[in-house]
Amino acid sequence: MDNENKDTMNETEVRQESAASAPEAAPAPAAQSAGSAQGPAPKLPIEKLSARQLLELDACTRCGECSNWCPAYDQDGREPLTPRGRATQFRDIIRRQYGAFSAESFLGRLLGKKQVTSQELSDFAKDLYACSTCMQCHFVCPVAIDTVELWERIRECIVDTGFGPLPTQQDLVLKTKNYDNPWGQPRSSRARWGKVAKKKKRINEVPKDISKDKAEVLYFVGCTASYDTNVEEVGINTVNIFEEAGVDYGILGNKEKCCGSVLLRMGDAASFKRICTENIEQFNALGIKTLVTSCAGCLKTIKEDYARHGKLNFEIKHTLEYVIDLIKAGRLKLTQPLNMKVTYHDPCHLGRHAGIFDAPRELLALIPGIEFVEMERNRENSRCCGAGGGLKSGYPDMQNQISQKRVADALATGATELVSACPFCYQGLQIGIQAMDAPIKMRDITELVCMAMGLAPATHDDTQDTDE
Amino acid sequence: MEETRMYLYFEATAALYTATVIAVLLCFAGIFTTLALWRKGKAKSLHHKLNSAAVARSFITDVVFQAQILKISFVRWLMHFCIFIGFMGLLAQTSLMAFISHFTSPGSFLAQSFFHGGGARVLDVWGDVFGLTMLFGLAIAIIRRYVVKAKQLETITKDTTSLVLLTAIGLTGFLCEAFRLMDPQYADVAWYSFAGMALSQLLQSAGITSANYIVWVWVHAVISFIFIALIPSSKAWHIFVSPIEIVLDASERA
């Protein structure tokens with residue numbers, strides 16, 4: 001279906017298609033193979049890595065601490081899936097392609113070194129993409145190897161040689177490139193959530209278009225909260241909070257583009273650079289003071305990855321950080337006690353990647369009546385929900401199992417509410433809750449803020465979810 | 001007549017020098033080819049300016065004292081710290097002996113002290129303390145890997161080779177010491193090498209009294225040379241490479 005036709009679909013059709021085209025819908029087939037499987041594989045463009053990253057492969061002590069924590073290995077149990085296994089495999093591949101004893105060298109031939117085959121590279125790609133880039137391995141690594149950055153660069157090499165991403169993940173990348181969102185939805189329906197919410201009286205006003213009417217704050221909604229009806233309350237609650245506090249804000253509406261996180265995590269660096277450059281240009285031209293986003297992935301990407309490609313002339317905050325600022329400034333009051341037992345899931349991109357661990361706990365502590373309980377694995381050691389890094393689209397069953405583990409962590413606390421601060425984690429954890437039929441309610445942190453403000457929160461009715 | 005230089009308790013021969021040079025050359029060749037491979041990486045290694053305070057702090061806490069491993073497990077920290085400190089101590093001892101032997105005159109204070117006087121006694125104690133420390137750490141490593149079979153460990157040839165070589169270096173070092181101390185000329189000072197002396201007495205009580213000290217020196221040296229030659233392609237390489245990554249990461253996140 002072409003873009004134009006999609007743009008003419010009615011709201012119901014768009015939303016139904018949203019569910020049908022969700023990237024996690026298809027199972028993961030085998031990775032594609034470039035050329036004959038047993039023939040020699042093309043040389044990996046290792047110049048894309050840094051000297052430090054090549055050193056990191058040698059710095060791995062093979063202690064295996066990463067395997068104790070890796071969520072993918074926890075499900076699959078195959079050594080090549082561990083960060084140690086991936087580093088060992090890649091080191092072996094590049095040594096056989098470029099080392100002094102490479103298969104092509106005199107010494108290599110003398111010692112009977114074998115060339116890297118396409119099949120080997122294809123198998124390696126499958127293991128490489130079975131990773132949610134949660135960064136847990138970096139935090140437990142005694143050598144502090146910058147694993148996620150390493151995996152992303154290696155994925156870049158794999159993409160360049162035609163062995164990645166996996167077929168189910170390619171769809172995600174293509175849609176992001178073609179539609180500026182991984183859901184493959186038309187650009188013209190990106191801001192539809194606001195119009196629908198207004199029509200249903202869930203918000204008072206449709207957020208203003210910041211490109212037409214200047215504002216201090218840009219609320220960057222993100223693809224998931226914009227297009228997925230199951231998570232739209234994240235945007236709705238944020239808008240209601242901003243309205244109540246009198247924040248001078250606006251959204252980009254249909255001009256908002258994906259932050260490009262999907263492309264970067266998948267190894268499509270060229271497409272990421274294109275989208276990142278366009279976004280930086282667009283953001284800087286707005287003359288905003290602050291960009292606020294409710295998505296942990298967008299926050300990490302814009303705050304950290306964009307900074308490597310250009311200068312941003314504004315500060316970047318997660319919604320919960322901004323809400324704390326509003327409370328401290330006396331612009332928001334949380335007065336309604338919520339009699340709930342709550343536990344908090346640290347999104348990987350917000351916690352381990354961006355270092356925001358205290359702010360969500362501070363915000364929860366400001367909400368009256370909440371009994372907050374930590375899960376056994378929290379903060380730096382928070383268990384990933386499995387949704388990131390392309391794992392959900394490449395290996396949906398594995399993601400489901402990982403999510404269930406995290407939900408089990410939450411249930412063990414006795415909490416009735418599982419709170420997070422990322423639409424993608426929200427989606428990912430919902431999968432586990434539904435699979436287990438778990439007696440726990442998934443909530444975005446903005447929902448609790450709305451409730452504590454005495455506003456009617458937009459909330460998601462789990463019982464209506466049938467398409468997962 | 002062949003010119004020789006005195007090491008601690010034996011004279012270095014041309015054959016020993018030749019073997020040393022071969023081992024060191026192989027080691028350097030390995031380092032050179034590895035560096036050449038690293039240099040193929042063209043992307044930016046650091047995204048921020050090097051933070052020397054963070055580097056220094058991390059070097060002390062995470063490289064020297066290995067706090068990161070201690071946070072995970074005391075036993076693993078003890079194992080790794082003992083191997084690391086033991087290895088470094090023995091490396092320092094050998095380096096000091098080589099330096100004094102080659103860069104000071106035989107009549108100098110240093111040479112006299114370390115080959116004939118109080119310095120030699122210090123080295124006796126030093127070698128035993130660090131040798132035992134390393135062997136203690138290696139014993140824990142071997143038990144974890146091959147007896148307890150810790151779940152997280154996945155053993156490949158490289159892991160075994162390094163453990164075998166290091167253990168052999170430690171054990172043959174003590175055997176050298178034990179056989180040397182069987183010579184009555186060391187009777188008065190033998191107790192400085194407390195572990196070597198104990199082993200010496202044990203061997204003598206088992207009827208082993210006539211082993212050739214120099215032969216054991218050679219066995220010890222050859223194993224050490226193999227270890228040195230293999231450093232860049234073995235697990236031992238991490239001793240030199242991992243600290244670089246640890247301090248660079250600390251700098252980037254500072």
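Residue numbers start from 1 in every chain, and the chains themselves are labelled A, B, ... in the order their sequence lines are given, proteins ahead of strands.
Heavy-atom neighbours of B/R39 CZ from other residues, nucleotides or ligands within 6.0 Å: at or below the threshold of 12. In B/F65, the CZ atom is not crowded: 12 or fewer heavy atoms of neighbouring residues, nucleotides or ligands sit closer than 6.0 Å. Atom NZ of B/K158 has more than 12 neighbouring heavy atoms from other residues, nucleotides or ligands inside a 6.0 Å radius. Residue B/F194 qualifies as enclosed at atom CZ: its count of foreign heavy atoms under 6.0 Å is above 12. In the displayed structure, A/K273 atom NZ is contacted under 6.0 Å by at most 12 heavy atoms of other residues, nucleotides or ligands.
Judged purely by atom type and a 3.5 angstrom limit, A/R84 uses its side chain to pair as donor or acceptor with the backbone of B/Q152.
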Stepwise side-chain contact (heavy atoms from CB on, under 4.5 Å) test for A/R52 and B/D249: CA-CA 10 Å; A/R52 179 184 162 202; B/D249 181 76; 3.8 Å; yes

Stepwise side-chain contact (heavy atoms from CB on, under 4.5 Å) test for B/K40 and A/I94: CA-CA 11 Å; B/K40 290 188 192 297; A/I94 60 165; over 6 Å; no

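Within the model, atoms OG1 of A/T82 and CD of B/E154 stand 7.5 Å from one another, a figure rounded to the nearest 0.5 Å. Separation of atoms OG1 (B/T155) and CZ (A/R62) is listed at 8.0 Å; rounding is to 0.5 Å. One finds the CG atom of A/D146 at 11.0 Å from the OG atom of B/S45 (value rounded to the nearest 0.5 Å). A distance of 8.0 Å separates OG of B/S233 from CZ of A/R95, quoted to the nearest 0.5 Å. Distance CG/A/N68 to NZ/B/K151: 6.0 Å, rounded to 0.5 Å. Taken from NZ in B/K42 to CG in A/L49, the straight-line distance is 12.5 Å, to the nearest 0.5 Å.
Chain A forms the most heavy-atom pairs under 4.5 Å with one residue out of B/I69, B/V63, B/L248, and that residue is B/L248. Counting heavy-atom pairs closer than 4.5 Å to chain B, the top residue among A/L57, A/V140, A/L55, A/T61 is A/L55. When each of B/D62, B/D159, B/L46 is scored by its heavy-atom pairs under 4.5 Å with chain A, the top score falls to B/D159. With respect to chain B, the highest number of heavy-atom pairs below 4.5 Å among A/G99, A/C141, A/S50 belongs to A/S50.
A/R91 places none of its side-chain heavy atoms less than 4.5 Å from the side chain of B/L37.
Of residues 70-86 of chain B, those residues with a non-hydrogen atom less than 4.5 Å from any non-hydrogen atom of chain A are, in numerical order, B/I72, B/R76. Contacts between residues 237-246 of chain B and chain A, counted as heavy-atom pairs separated by less than 4.5 Å, involve B/W237, B/H238, B/V241, B/S242, B/I244, B/E245, B/I246.
With a threshold of 4.5 angstrom between heavy atoms, A/E65 approaches chain B through its backbone and through its side chain. Residue B/E252 touches chain A through its side chain alone, counting heavy-atom pairs closer than 4.5 Å.
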